[in-house]
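Quick note on labels: first sequence line is chain A, next is B, and so on, each numbered from 1.
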Amino acid sequence: MTFQAPKGVPEYLPPRSATFLAVRTAFATMALNSGYSYIEVPVFEDTELYARGVGESTDVVTKEMYTFADRGGRSMTLRPEFTAGVMRSTLEHGLHNGQLPVKLWTTGPAFRYERPQAGRYRQLQQFNVEAIGTEDPAVDAETIAIAWSGYQALGLTRVRLLLNTLGCKQCRPAYRAALQDFLRALDLDEATRARIEINPLRVLDDKRPEVQAQVADAPLITDHLCASCKAHHDRVRTLLEDLGVPWEDTPRLVRGLDYYTRTTYEFDHPLLGAQSGIGGGGRYDGLSEDIGGPSLPGVGFAVGVDRIILAVEAEDLAREVPPRVAVYGVPLGEEAARRLFKLVHELRAAGVAADMAFDGKGLKGAMKGADRSGAVYAVILGERDLAAGSAQVKHMESGEQTAVPLGELVGTLAGRLAG
RNA sequence: GUGGGUGUAGCUCAGGUGGCAGAGCGCCAGGUUGUGGUCCUGGAUGUCGUGGGUUCAAGUCCCAUCACUCACCCCA
């Protein structure tokens with residue numbers, strides 16, 4: 001064993017990979033049911049897109065990006081998140097010139113150069129939903145509900161929704177100034193003092209107890225909202241209540257990306273240790289303009305597939321191994337193997353999941369393979385059966401076995417499995 | 001970037017004070033020359049992370065190094 005996967009890159013092998021697909025499917029189903037269309041965007045983009053979109057002051061941009069020069073000397077960056085790329089694609093192709101909102105979902109890997117730990121990876125898998133071109137608080141609530149329903153569909157019961165608002169460009173500056181005045185008077189380390197000047201809101205989110213104690217009396221955004229932000233926030237909460245989606249008001253919640261405005265939220269799972277955020281999102285009404293586009297509001301979320309898998313496992317929801325196939329072929333001898341190979345192909349074409357034993361495996365080993373595959377039926381074919389023109393079809397669970405003429409095998413099995 | 005922990009079979013891990021490298025699971029074969037899941041018997045697989053040092057002798061002690069892992073920070 002000479003090579004190993006790059007540091008911080010998780011791999012999902014069977015049977016655990018089934019959970020990976022289940023997580024993606026749960027969220028994709030909800031997004032599709034809610035009228036969102038799939039969009040496939042690049043894994044890397046112009047570095048400047050992320051610098052301007054995500055924000056020059058963020059840790060993501062300043063120290064976590066996988067940036068490289070391509071052979072033409074352009075600075076490219078592996079996507080650290082999806083929203084900037086989805087917005088860029090929307091603007092470039094004029095999707096926003098049609099009826100609004102533009103409702104999109106996507107999924108795949110994102111990349112951040114960080115020190116790995118439990119639930120934190122350098123290649124992380126996200127599932128994203130974005131609604132572009134709407135200010136309606138109902139869409140804020142809709143996107144939250146999609147994420148919530150995804151967690152519910154997976155059977156997760158411990159997920160918490162932490163909800164906040166960050167105000168808009170009307171009311172946030174005054175709050176920001178008030179918060180800075182408060183924070184400058186505190187006894188904080190140098191890095192945190194620097195943060196006060198760049199992004200003071202994030203100081204509120206500091207988890208260190210000595211910092212938390214000091215910011216306990218800090219002014220809160222919820223006391224500084226303008227009338228329209230307050231109305232927006234109240235409406236979002238009313239609609240969530242109508243849907244029966246529970247949340248906790250968390251006025252200190254801040255997100256690490258600069259583009260967020262108004263509604264912001266995070267989904268949290270208590271069984272995950274330090275990296276407990278399993279999803280997060282909000283409104284980004286200024287993003288389009290930040291990257292050179294027109295004034296175009298948007299709202300959306302990202303959920304972390306890797307961490308949701310950990311949550312599913314923490315709640316012990318991922319135990320049953322799904323059967324790989326419904327029918328498993330057990331050949332005895334070369335002639336039988338050839339004939340069975342064709343029969344298995346025909347079963348697959350008829351929509352029946354099928355596999356067979358290879359490498360001239362003996363009967364015992366092949367039957368063991370049938371057992372491991374989870375197949376409902378084993379089809380045993382040897383010289384005797386070939387001579388008789390039939391195969392032995394064995395129901396694995398009951399052990400009942402009957403001879404079925406080779407010409408009727410596909411139809412019979414398809415019928416029995418459907419019935 | 002800063003701290004702590006751990007590296008022994010495919011996996012999970014035992015291996016006081018240095019003395020022939022082990023168990024369980026998994027895998028393969030046989031018991032059953034055409035029948036899996038239970039049971040019984042047998043078998044294969046190791047540069048003991050890597051390099052150096054001490055010693056008659058190192059998985060064990062010392063030094064270095066790499067990897068993994070947890071936490072800070074940050075975020076999905």
Determine whether the aromatic ring centres of A:Tyr66 and A:Phe68 lie less than 6.0 Å apart. no
Distance-only side-chain donor-acceptor flag, A:Tyr36 / A:Glu142, under 3.5 Å: yes
Polar pair under 3.5 Å, donor/acceptor by atom type, side chain A:Gln392, base B:U35: no
Distance, rounded to the nearest Å, where A:Tyr328 contributes OH and B:G37 contributes P: 14 Å
Over how many whole Å does the gap from A:Asp359 atom CG to B:A29 atom C1' extend? 16 Å
Any N or O donor-acceptor pair under 3.5 Å from the base of B:G37 to the side chain of A:Asp371? no
Would you mind reading off the distance between A:Arg16 atom CZ and B:U12 atom P, rounded to a whole angstrom? 12 Å
5'-most contact on RNA chain B: A:Asp385 or A:Ala5, nearest heavy atom basis? A:Asp385
Give me the distance, rounded to whole Å, that separates B:U45 from B:A23 when you measure between the P atoms they each carry. 14 Å
Check whether more than 12 heavy atoms from other residues, nucleotides or ligands sit under 6.0 Å from atom CZ of A:Arg235, and answer yes or no. no
Nearest-Å distance, CE (A:Met367) to P (B:G37)? 9 Å
Taking CG from A:Leu310 and P from B:U69, how many angstroms apart are they, rounded to a whole number? 12 Å
Span that lies between the C1' atom of B:C63 and that of B:U55, in whole angstrom: 16 Å
Assign a letter to each nucleotide of nucleotides 70-76 of chain B from its 5' end: B, base within under 4.0 Å of a protein heavy atom; S, sugar-phosphate only; -, no contact. SBBBBBB
Within the 3.5 Å criterion, strictly below it, is a donor on A:Asp140 or A:Thr263 matched to an acceptor on the partner's side chain? yes
Can you check the A:Glu397 CD to B:U38 C1' distance for me, whole Å? 16 Å
Just checking A:Lys364: base, sugar-phosphate only, or nothing, at a heavy-atom cut-off of under 4.0 Å? base
Taking CD from A:Glu334 and P from B:G34, how many angstroms apart are they, rounded to a whole number? 16 Å
Whole-Å distance, A:Leu363 CG to B:G30 P, equals 11 Å
